[in-house]
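Take a look at the structure set out below.
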Number of protein chains: 2
Amino acid sequence: MIRVMIADDHQLFAEGLSQALNALPDTRVVGVVDSGPALEQALNNQPAEVCIVDIEMPGGDGIETISNLGMRTKAIVVSMHASDQQTERAREAGAKGLFSKGVPLTTLAAAIRAVAGGENLIDLSPEARDILLEANLQAQLDPGAAALTPREIEILQLLAVGVSATDELADRLYISQKTVKNHLASVFQKLAVSDRTQAAIEAIRLGLARPQ
Amino acid sequence: MIRVMIADDHQLFAEGLSQALNALPDTRVVGVVDSGPALEQALNNQPAEVCIVDIEMPGGDGIETISNLGMRTKAIVVSMHASDQQTERAREAGAKGLFSKGVPLTTLAAAIRAVAGGENLIDLSPEARDILLEANLQAQLDPGAAALTPREIEILQLLAVGVSATDELADRLYISQKTVKNHLASVFQKLAVSDRTQAAIEAIRLGLARPQ
DNA sequence: AGACCATTAGGCCAAACGACCCATCGAAAT
DNA sequence: ATTTCGATGGGTCGTTTGGCCTAATGGTCT
């Protein structure tokens, strides 16, 4: 789970991005602030691996804030209109990446994973950067979730959309109720939960529920 | 449920806003496009009560698109830096509201509700507008959810974060297990579900789970 | 004052659930 | 070839759950 802090004075953008990142299974937004100083303060109270910083913010832009972050938190700069000058300034301040707000969410998410993994995107050629991002498109699921078998994932997907009764699950999967209970038992163990309600919640959190 | 279409060439913003609005219980984003013409086309295939249009988009700005919408769909304009000139142009084109991207999500959500309800925010004085928005801050919950009592909502909130066992719920709420089961029974009836797993899923969908 | 409702709590009971055993089959890995 | 593992199924047992009914209390609204 990558902890992310967002600094952007456009609340609509910040809150929306926060929601979107929280919907991913491997990122969690731990704070949203609207200025550079507020970001520094927030990071003192609540550590985060990566912060997303708008380059254009009132009261001193984000660049000097990034310079002050040091090693604690990697910074990815987002900008309304990315330019070469901005990239240069961001690089000097120590930012690990710079993206226009016009990129898809998947790209930013990939960048967050890459940067959290120690990569520095800002020094790469566009081609090398794109290859690296491509490799990080897939969310890194929790260890527990990764160990789930295909059949167990099927059961979780049904659970997460409200198919909770044993007999219904058995009907949907064309297996006996006993087999459903066996699968559920091993799901409970792998996810460290104790009943199907908690399993359903975990499934939703892991992004296993396909949106209706 | 208010169907919303988003037109904005900044994908990060559009996707984030989409997620955020979908997380609200009474709005549903039915389409995201990145240009004015694409918006007109999308609305032909998929009706929506309200559309959110960025005023600054490449390939002809959003203003003329709004003029073409007619009565079908109410438009709310969002802008990076709201100005009086932009407001005037948006009004002439028939937009029902204009907001800076710096406003909180709750404000935009309130505006969507007001506009969907037939209000025209753009002709109002700032004071009158704020009063109207204030009145629309609360999401209009589903009929079933609206009838939930405070105690029932408390139970649902706990359910949605994984407190699913009767004895745990009783401990957390300082009531007997019997009372917990009574509350659950009436929750099941009001939400038209049959067990706590489905109730938890519904609670999450209704936005009753406070994010941790 | 009376009506209504949220909150609390109890009893009863059938059904469902979860925990703990075990067994078979086939595919994949070694 | 042997092992491993996923998927399938079975049995048993104690616990939990959900349905249904009743009832006391305290607040609010009319």
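For clarity, every value in this text was computed on a predicted model and none was experimentally measured.
- Considering all non-hydrogen atoms of both residues, Ala95(A) and Asn120(A) come closest at O-OD1, 4.0 Å.
- Atom CG of Asn182(A) is separated from atom P of dC22(C) by 13 Å (rounded to the nearest Å).
- Atom-to-atom, NZ of Lys181(B) to P of dC13(C) comes out at 14 Å; the value is rounded to the nearest Å.
- Following rounding to the nearest Å, Arg196(A) (CZ) and dG18(C) (C1') show an atom-to-atom distance of 8 Å.
- In this structure, Thr166(B) reaches the sugar-phosphate backbone alone: every heavy-atom distance under 4.0 Å involves primed, P, OP1 or OP2 atoms, never a base.
- Taking 4.5 Å as the limit, every side-chain heavy atom of Met80(A) sits out of range of all side-chain heavy atoms of His10(A).
- What you find for Ala165(A) and Arg196(A) is that their closest heavy atoms are C-NH1, 3.9 Å.
- Residues Ile201(A) and Leu159(B) come closest through the heavy atom pair CD1-O, 3.0 Å.
- When rounded to the nearest whole Å, the span between CD of Glu168(A) and P of dA15(C) equals 18 Å.
- Side-chain contact check for Glu152(B) and Ser186(B): at least one donor-acceptor pair (N or O, by modelled atom type) lies under 3.5 Å.
- Taking every nucleotide of DNA chain D with any atom under 4.0 Å from a non-hydrogen atom of chain A, the first and last of them, 5' to 3', are dG6(D) to dG11(D).
- Contact annotation for Asp195(B): backbone-only contact, meaning every heavy-atom pair under 4.0 Å involves sugar-phosphate atoms and none involves a base.
- The CG-C1' distance, from Asp167(A) to dC17(C), rounds to 12 Å in whole Å.
- Distance, Ile155(B) CD1 to dA6(C) P: 14 Å, rounded to whole Å.
- Rounded to whole Å, atom P of dT24(C) lies 16 Å from atom NZ of Lys178(A).
- Across Asp54(A) and Ser79(A), no two heavy atoms sit closer than the pair OD1-CA, 4.3 Å.
- Between Ala200(B) and Thr197(A) the shortest heavy-atom distance is CB-CG2, 3.8 Å.
- The nearest whole Å value for the distance from the OH atom in Tyr174(B) to the P atom in dT8(C) is 13 Å.
- Within 4.0 Å of Ser176(A), counting heavy atoms only, lie sugar-phosphate atoms of the nucleic acid but no base atom.
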